[in-house]
Amino acid sequence: MTAGEEDITDHRPVYILGAGFSKAICNEMPLLNALGQQALNLLPKASRESISFREGESFEQWLSMRTQDMPFLPDHENMRRRAVVELLLAAAIIVSA
């Protein structure tokens, strides 16, 4: 190791905790699917109608699919899909505040 380099082996481990952990310490915290549904309910009716979850699809799966560009879709459609995600995420922030 040279001067100025940091030895990362001296640091403690980092744990990334999900909604299940939050729910375990505070019963009022929603799980991710419930958060997504609550956020969806905050949107105007016209926006809600453009969002559909497939049977058995989780909110996390829905987000993942909508944030990835689909190579077979035109640019404007991929941008529209991402804009819908941004709208729903903004509503989720309101729900969790």
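We're numbering straight along the sequence, starting at 1.
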Applying salt bridge (Lys or Arg N to Asp or Glu O under 4.0 Å) to Glu60 and not counting sequence neighbours gives none
By salt bridge (Lys or Arg N to Asp or Glu O under 4.0 Å), Glu57 pairs with (sequence neighbours left out) Arg66
CD1 (Ile94) and CG (Leu89) are apart, to the nearest 0.5 Å, by 11.5 Å
Arg81 meets the salt bridge (Lys or Arg N to Asp or Glu O under 4.0 Å) criterion, sequence neighbours left out, with none
Students should find that the hydrophobic cluster of Phe72, defined by side-chain heavy atoms under 4.5 Å apart, otherwise consists of Met65, Met70, Leu73
Applying side-chain hydrogen bond (donor to acceptor under 3.5 Å, both in side chains) to Arg48 and not counting sequence neighbours gives none
Without placing hydrogens or testing angles, list every side-chain donor-acceptor pair under 3.5 Å for residues 28-42, not counting sequence neighbours.
from	atom 1	to	atom 2	distance (Å)
Asn33	OD1	Phe59	N	2.7
Gln37	NE2	Asn41	OD1	3.3
Asn41	ND2	Gln37	O	3.3

Taken in chain and number order and not counting sequence neighbours, the residues that satisfy side chain to side chain contact (heavy atoms under 4.5 Å, CB included) with Pro74 are His76, Glu77
Sequence neighbours excluded, the answer for side-chain hydrogen bond (donor to acceptor under 3.5 Å, both in side chains) partners of Ser64 is none
- Contact check, side chains of Ile51 and Leu43, non-hydrogen atoms, under 4.5 Å: yes
